[in-house]
Amino acid sequence: MAIEKTLSIIKPDGVRRNIVGKILGRFEENNLNIVATKMIHMTISEAEGFYAVHSDRPFFGELTRFMSSGPVLVSILEGENSVSQHREIMGSTNPAEAKEGTIRREYAESLGENTVHGSDSVENAAVEIAYFFSKTEIVNSAS
Ligand code: CMP
């Protein structure tokens, strides 16, 4: 199996509700290693840049206002098939459809405020990681 990196964001609702540690614990319990992490507070233009792929969607304004409404924890997770593994642990984007035991099922309050973000492919993970992290900040990678 391939060792991959993925980008994980604990969104403002997760930071605000003091569940950062619980969520990071889920990743660690599932053999996703935290190879870099930091707390940031995005400006609206940084959120717009990150979610540029969604710029034509009707929820773009709501999404970018929310993502810049408070601090988030951005992390790089590394492990076997980490992109799909992380998505499995997060659960479906809409918490109402997320499986029992997933982070979004347990913690997310709505489709917009769904507690966590994860890259959807290895290619997008590389782009998303480069958006937030310089190479020198990735200090715990096995590769
Ligand atoms: P995320 O994985 O961060 O990627 C894009 C985000 O857009 C998604 O999680 C949701 O939080 C948000 N999103 C998707 N669809 C909608 C919607 N219909 N209304 C509001 N937000 C949405």
Side-chain angles (χ1 to χ4, degrees), residues 1-135 137-138 140-141 143:
M1 282 206 210
I3 300 293
E4 299 168 349
K5 288 185 181 66
T6 191
L7 184 87
S8 172
I9 305 179
I10 302 179
K11 296 187 178 188
D13 62 308
V15 174
R16 210 175 278 138
R17 284 183 290 147
N18 256 351
I19 52 174
V20 165
K22 289 195 174 86
I23 294 172
L24 292 180
R26 290 287 185 90
F27 300 150
E28 292 182 326
E29 283 159 14
N30 285 279
N31 299 317
L32 292 173
N33 297 332
I34 301 164
V35 301
T37 191
K38 60 186 172 185
M39 191 172 278
I40 60 168
H41 189 156
M42 278 187 266
T43 62
I44 191 138
S45 55
E46 285 168 338
E48 286 168 352
F50 180 72
Y51 280 115
V53 65
H54 295 305
S55 61
D56 292 337
R57 311 287 282 274
F59 57 83
F60 186 63
E62 183 189 328
L63 172 63
T64 53
R65 274 193 302 278
F66 170 59
M67 290 302 288
S68 57
S69 69
V72 300
L73 195 83
V74 286
S75 304
I76 304 172
L77 306 177
E78 186 175 81
E80 283 182 1
N81 295 326
S82 67
V83 172
S84 60
Q85 167 80 339
H86 180 227
R87 291 181 73 76
E88 188 71 25
I89 296 165
M90 289 193 301
S92 299
T93 305
N94 185 346
E97 291 163 11
K99 278 193 221 153
E100 201 66 52
T102 61
I103 292 167
R104 284 170 171 156
R105 177 61 178 260
E106 193 160 334
Y107 298 115
E109 286 172 340
S110 66
L111 177 55
E113 302 201 6
N114 63 353
T115 313
V116 277
H117 164 84
S119 310
D120 63 3
S121 67
V122 173
E123 294 72 30
N124 285 340
V127 173
E128 293 185 356
I129 286 169
Y131 193 79
F132 289 117
F133 290 94
S134 64
K135 285 211 164 65
E137 290 176 299
I138 305 172
N140 191 31
S141 173
S143 62

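Counting convention: from 1, in listed order, for ligands and their atoms alike. Because only heavy atoms are used, hydrogens play no part in the values below, and waters and symmetry mates are left out as well, while side chains stay in.
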### Task
Run the contact test for Tyr51 against ligand 1 with a 4.0 Å cut-off on heavy atoms, strictly below, and give the result.
yes
Show the nearest heavy-atom pair for residues [X] and [Y], with the distance to one decimal.
X: Lys99; Y: Arg105; result: O-CB, 3.1 Å
X: Met67; Y: Ala47; result: CB-CB, 4.2 Å
X: Leu7; Y: His86; result: O-CE1, 3.8 Å

### Query
Under 30°, 30 to 60°, or over 60°: which ring-plane class applies to Phe50 and His117, parallel, tilted or perpendicular?
perpendicular
Go through ligand 1 atom by atom and flag the ones less than 4.0 Å from a non-hydrogen atom of [X].
X: Arg104; value: 2 (O)
X: Lys11; value: 1 (P), 3 (O), 9 (O), 11 (O)
X: His54; value: 5 (C)

Could you see which bit of [X] sits under 4.0 Å from ligand 1, with heavy atoms only: side chain, backbone, both or neither?
X: Glu62; answer: side chain
X: Arg57; answer: neither
X: Thr93; answer: side chain

### Within-4.5 Å side-chain heavy-atom neighbours: Met39 and Leu73
yes
### Charged N-O contact under 4.0 Å between Arg104 and Glu97
no
### Task
May I ask you to check whether Leu111 has an N/O atom sitting below 3.5 Å from an N/O atom of ligand 1?
yes
